[in-house]
Structure formats: C-alpha cells, structure tokens
Colleague: 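My structure is below; once you've seen it, I'll send some questions.
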Number of protein chains: 2
Amino acid sequence: MNVLVVEDEPKLADGLARFLTYAGFHVTVAGTLAEAKRQLEQPFDAVLLDVRLPDGEGWTLIPKLKTLKPRPAIILATARGEADDRVFGLELGADDYLVKPIVLKELEIRLKRLVKQTDEISFGDMTVDARSRTVTDAGQAIRMTNKEYELLLFFLKHSGEALDRNRLLDEVWDYTFAGDTRTVDTHVKQLRDKSPTMKRQLKTVHRVGYRLEEVR
Amino acid sequence: MNVLVVEDEPKLADGLARFLTYAGFHVTVAGTLAEAKRQLEQPFDAVLLDVRLPDGEGWTLIPKLKTLKPRPAIILATARGEADDRVFGLELGADDYLVKPIVLKELEIRLKRLVKQTDEISFGDMTVDARSRTVTDAGQAIRMTNKEYELLLFFLKHSGEALDRNRLLDEVWDYTFAGDTRTVDTHVKQLRDKSPTMKRQLKTVHRVGYRLEEVR
DNA sequence: CTTCGACTACGAGTACGTTCATCTTTATCG
DNA sequence: CGATAAAGATGAACGTACTCGTAGTCGAAG
C-alpha cells in the first residue's frame, strides 16, 4: 500500500512518514508540487496532499491525479477552519479531507477506509479482489482475461446504471471510436458465459447498452 | 433519498432540514435518541447524527444502525476540535464525520458521495429512475421499451401540458413528419396498458393530443 | 353523419447475439 | 534472450429476435 505524502514542513512530514510506516504503509515524501509530480511517475494507492506548498496550492494537483491509472485516493489537509477550501477540494474530486492539526489515528482510519474501497468488491455470490485481480462466483474461482476483468469491474462499480456502448468504449477501452462495433457485446458474452451471476444479472437495455442489475 | 437528521437544537435542525430538502433529499427530524429509534422503524438511506443529545451520546446509536437493512450511511457531527470523539466515532463504524459549524455544501457533497445516487422522477405511485432507466408503478417494476420510456419521460417532464402529436413526434421521435400518423396513439396505448397510473392520468385531449394530468 | 381515437395485427427494419477469421499480446521453452 | 506457441482482443459477417410504425377496422364523440 503506497502512500505519497506531499508536505513541505519537514518535521510534520517526517512524523507522518514514521507513523504511516508503523501503521503498515509504504511511504514516500515530497516537499513540493514539482517533486510530487516527479514521484507520481510511480503508481500510488493514495496521496496525502497539503494545501499550502512552497510552489503552489495543493489542490492544483488534483486534476492530474484523477487522470492517473490506477487513480490514487486523494486526501487533502488544510489548516483548521478553512471551510471554503474544504468544499472546493471536495468538489474538485478529493476523496476526503483532514483538518490540521492532523490526528494520526484519524488519518490511519480514513486512509484504510479509502484504500479498502478499491480492495475488494462483492456482488451477490461474486467476489472480486482488486489486489490479486481474482474473481470468484459462488465459491468458484474464475479466470478472467484483462479486458474481461476491467469490464467486469466497471460494471460492478456502476451497478444499477444503464451504460451505453460509447461510455463503455470510452472508459474501459481507451477508444474514442466512432463506428459500429460488436466488441463490447463479445466481451459481455464472455462475462455471461464465465459467471452465472453475470448471466443472471447483466441485462441488455435495448437501443442503449447494458445494465448490471442489483441483487436484492 | 431519505435522510434522518438527529439534532436537538431546533434552529439547526430546521436549517438542515430546509437545506437538504432543497438539495433534493427527503428529510425527517428527530430531537432525541428515543425519537430517532422510533423513526428508524422506517428505512433510511442516511442518518446525520449529532453527538450531544439530551438523552445520551449520539454514537450509542451506531451499533443499532449497523444492524438495520438496508444499512443507512452514518454521518456524525460534533463540535470542533473534539478529535477523540472523531476517532472514536469512526472506529465504531461511522462512515463520515462533520465538524461543527456544519458547512451545508460540505454536508451535501459528503451525503451524495456516501449514498448511491439515483436520479429519479416520481409521479403519483410511479417512480422513474433515469440512471438505470427503470420504471416502477405502485411498487411493481415495469419493463419499458426504449420508445415507451422516452415518451413516458417526456410526458412526466411536461405534466399538465396538452401535447399535440406533432410536438411529440418532433421531440420524442426525431421525426419532422407532416402527414398523419397513428404511431403516437399506439405508444400511448402501451403506456396505459403497462401502467395503472398512466391509465388513470394520461388523458386524451380531443382534436389535439394528450395531457398527463397531475396527481393531487 | 362525419370525424377522431382505440385497438389489433402484421411486416419491415434494426439492434443484439453469436461465431469466426485475423491481428496482437503474452507466455513458454530452448 | 529470442523464437515459437498459446491465448486474447477485435471487428466483420450472419442469423435471430424484437421493436416500431403502419394499415385497417371498430366504436365513440361531436
């Protein structure tokens, strides 16, 4: 579990790093936005981002963070009471917010919670473990190919939504493809063939696309 | 989207209720733990829980909330700086935490993030969820074809208006069709057949077209 | 009596499911 | 490390199922 701590105050950065390491995270520290950008060549599970930095406001980094794959969880930290910053950060797409002074235990809890979200997803009899990219359905392990796995994950993350083919092509494939393609259909068929749960719950929405119907 | 606000200070409770209603939530207020317990016979999507209450600490309710199904999202609210409360609440299983004074916009953002979004229009006993393209009437799920769904949506968005066939053909169909067509009639019949509410409320306006009569 | 809407049934067109051939990527083994 | 095999991704082709729109008839309203 890799965490990037972006914090310019050396004492605080050091303290955070120590604590998080102790709590079982693997920590990297960046003191400036520029350095953070360099570090982000490597993948991170989460980024703890101070708002006040020597070379700019922390939240300017958020749009960039959101384009990364895998997209790291984003936690902002600001001096207390700056409520506007808080709202602004959340609206930009930060996943959580901490008010300084940082309570270490709280940081740990929030971090673990955010990271866990992307760790294991269950849906009916299915379980998808993001760490190992393993899928089981009704206790049976299912071997998924890359695309199948990513498509499945997207459906799970948007269960209930009617998703049209263009959206799927855009987000699961990198494609921005104009013409007509059966590719999505083919992969949907694979999912339905491999998993009984998908066979039951993955509905086609005529003239639109597909919808993963929630189990109740 | 039902939210239970547990807050004893009447002014604050009222303000919260107003704002959340405005933001599109359906709000119920409880002033004490005892009252909250009574309200929780009904299902809620989220509970906003003040820590200081006349008859006890708010977090004592958390274990009970976690046994409910559907399990509501739990947001705690406390006076600022009570960091221990914060950690304690999160460890007990609250999903999020707000520091008073509550910033309404922040509350809205956090609520919307925690609660699975539905984009629904309701009309009498009918509910149409745009996100999943599903329709229910009197609790029953109704399977709609694409055109039926779009026509229904158009009627809902223009309830009360008398809509002539040309307008419907223009806007629901892509048609710019001059001649005479029974197409609209056919689809109106489908709607009336499939949904009791439509059977009752979708009136024909002689020599003009149709009008969806508002329910009172 | 005339006109308009309700309703049924049918046919054309279209979108989806499925298979298959081709190209690409990944894995294996020397 | 490179060659070769295996597996996966892709999109075209074809069959099928479904939806939509049209026509014809009946009944009701004006």
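Given the structure is predicted, the values throughout are model-derived calculations rather than measurements. Computed from heavy atoms alone, side chains included, the values below leave out hydrogens, waters and symmetry copies. Proteins come first, then strands; the chains are lettered A, B, ... in the order of their sequence lines, and each starts at number 1.
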Colleague: Counting only N and O atoms by type, is there a donor-acceptor contact under 3.5 Å from the side chain of A:D55 to the main-chain atoms of A:L33?
Modeller: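 The answer is yes, because a donor-acceptor pair under 3.5 Å joins these two groups.
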Colleague: Less than 4.0 Å between a side-chain N and a carboxylate O, is that true for A:D95 and A:R110?
Modeller: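 Result for this pair is no, no salt bridge flagged.
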Colleague: Roughly, in whole Å, what's the span from CG in B:D185 to P in D:dT25?
Modeller: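 B:D185 atom CG is separated from D:dT25 atom P by 18 Å.
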Colleague: For the CG atom of B:L20 and the CZ atom of B:R18, what is their distance to the nearest 0.5 Å?
Modeller: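 Nearest 0.5 Å value for the CG-CZ distance: 12.5 Å.
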Colleague: Verify the contact: side-chain N or O of B:T145 to OP1 or OP2 of D:dC20, cut-off strictly under 4.0 Å; return yes or no.
Modeller: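 B:T145 to D:dC20 OP1/OP2: side-chain N or O found under 4.0 Å.
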Colleague: It should be established whether B:R143 places a side-chain nitrogen or oxygen under 4.0 Å from OP1 or OP2 of nucleotide D:dT19.
Modeller: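 For D:dT19, OP1/OP2 do have a side-chain N/O of B:R143 under 4.0 Å.
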Colleague: Rounded to the nearest Å, what distance is computed from the CG atom of residue B:L169 to the P atom of nucleotide D:dC20?
Modeller: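 About 14 Å, once rounded to whole Å.
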Colleague: Test B:L92 against B:K66 for side-chain contact (heavy atoms from CB on, under 4.5 Å), laying out the working first.
Modeller: CA-CA 10 Å; B:L92 267 174; B:K66 291 180 81 175; over 6 Å; no
Colleague: Distance check needed: D:dG21 P versus B:R182 CZ, whole Å only.
Modeller: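 Rounded to whole Å, this separation is 14 Å.
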Colleague: What integer distance in Å separates B:L168:CG from D:dC20:P?
Modeller: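 B:L168 atom CG is separated from D:dC20 atom P by 15 Å.
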Colleague: Can you list the steps and then say if A:I75 with A:L111 is a side-chain contact (heavy atoms from CB on, under 4.5 Å)?
Modeller: CA-CA 8 Å; A:I75 303 187; A:L111 254 182; 4.0 Å; yes
Colleague: Classify A:T183 by what it touches in the nucleic acid, base, sugar-phosphate, or nothing, heavy-atom distance under 4.0 Å.
Modeller: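 Base contact.
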Colleague: From CD of A:E148 over to C1' of D:dT10, roughly how many Å is that when rounded to an integer?
Modeller: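 Answer to the nearest Å: 13 Å.
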Colleague: A quick test of your reading: do over 12 heavy atoms of other residues, nucleotides or ligands sit less than 6.0 Å from CD of A:E214?
Modeller: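 It does: A:E214 CD has more than 12 such atoms within range.
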Colleague: Using atom types as modelled and distance alone, determine if a side-chain donor or acceptor of A:R192 lies under 3.5 Å from a backbone N or O of A:L202.
Modeller: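 Yes; judged by distance alone, with no hydrogens or angles, the pair exists.
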Colleague: How many whole angstroms separate atom NZ of B:K189 from atom P of D:dC20?
Modeller: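 Computing the B:K189:NZ to D:dC20:P distance gives 15 Å.
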Colleague: Which parts of residues 192-213 of chain A get close to DNA chain D, meaning a heavy atom less than 4.0 angstrom away?
Modeller: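 Heavy-atom cutoff 4.0 Å gives A:H206.
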Colleague: Is there a side-chain contact between B:W173 and the phosphate of D:dC20, meaning an N or O under 4.0 Å from OP1 or OP2?
Modeller: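 No, B:W173 has no side-chain N/O under 4.0 Å of OP1/OP2 on D:dC20.
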Colleague: What is the distance, to the nearest angstrom, from the CZ atom on B:R165 to the P atom on D:dG21?
Modeller: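 Answer to the nearest Å: 15 Å.
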Colleague: Rounding to a whole Å, what distance do you find between B:Y149:OH and D:dT19:P?
Modeller: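 In whole Å, D:dT19 P and B:Y149 OH are 16 Å from each other.
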Colleague: Side chain of A:E106, backbone of B:V87: donor and acceptor closer than 3.5 Å?
Modeller: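 Side chain of A:E106 to backbone of B:V87, a donor-acceptor pair under 3.5 Å: no, none is there.
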Colleague: Under 4.0 Å between a Lys/Arg side-chain N and an Asp/Glu carboxylate O for A:D164 and A:R207?
Modeller: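 So A:D164 does not pair with A:R207 through a salt bridge.
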Colleague: With heavy atoms of chain A within less than 4.0 Å as the criterion, where does contact along DNA chain C begin and end?
Modeller: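 Counting from the 5' end, contacts occupy C:dA15 to C:dT19.
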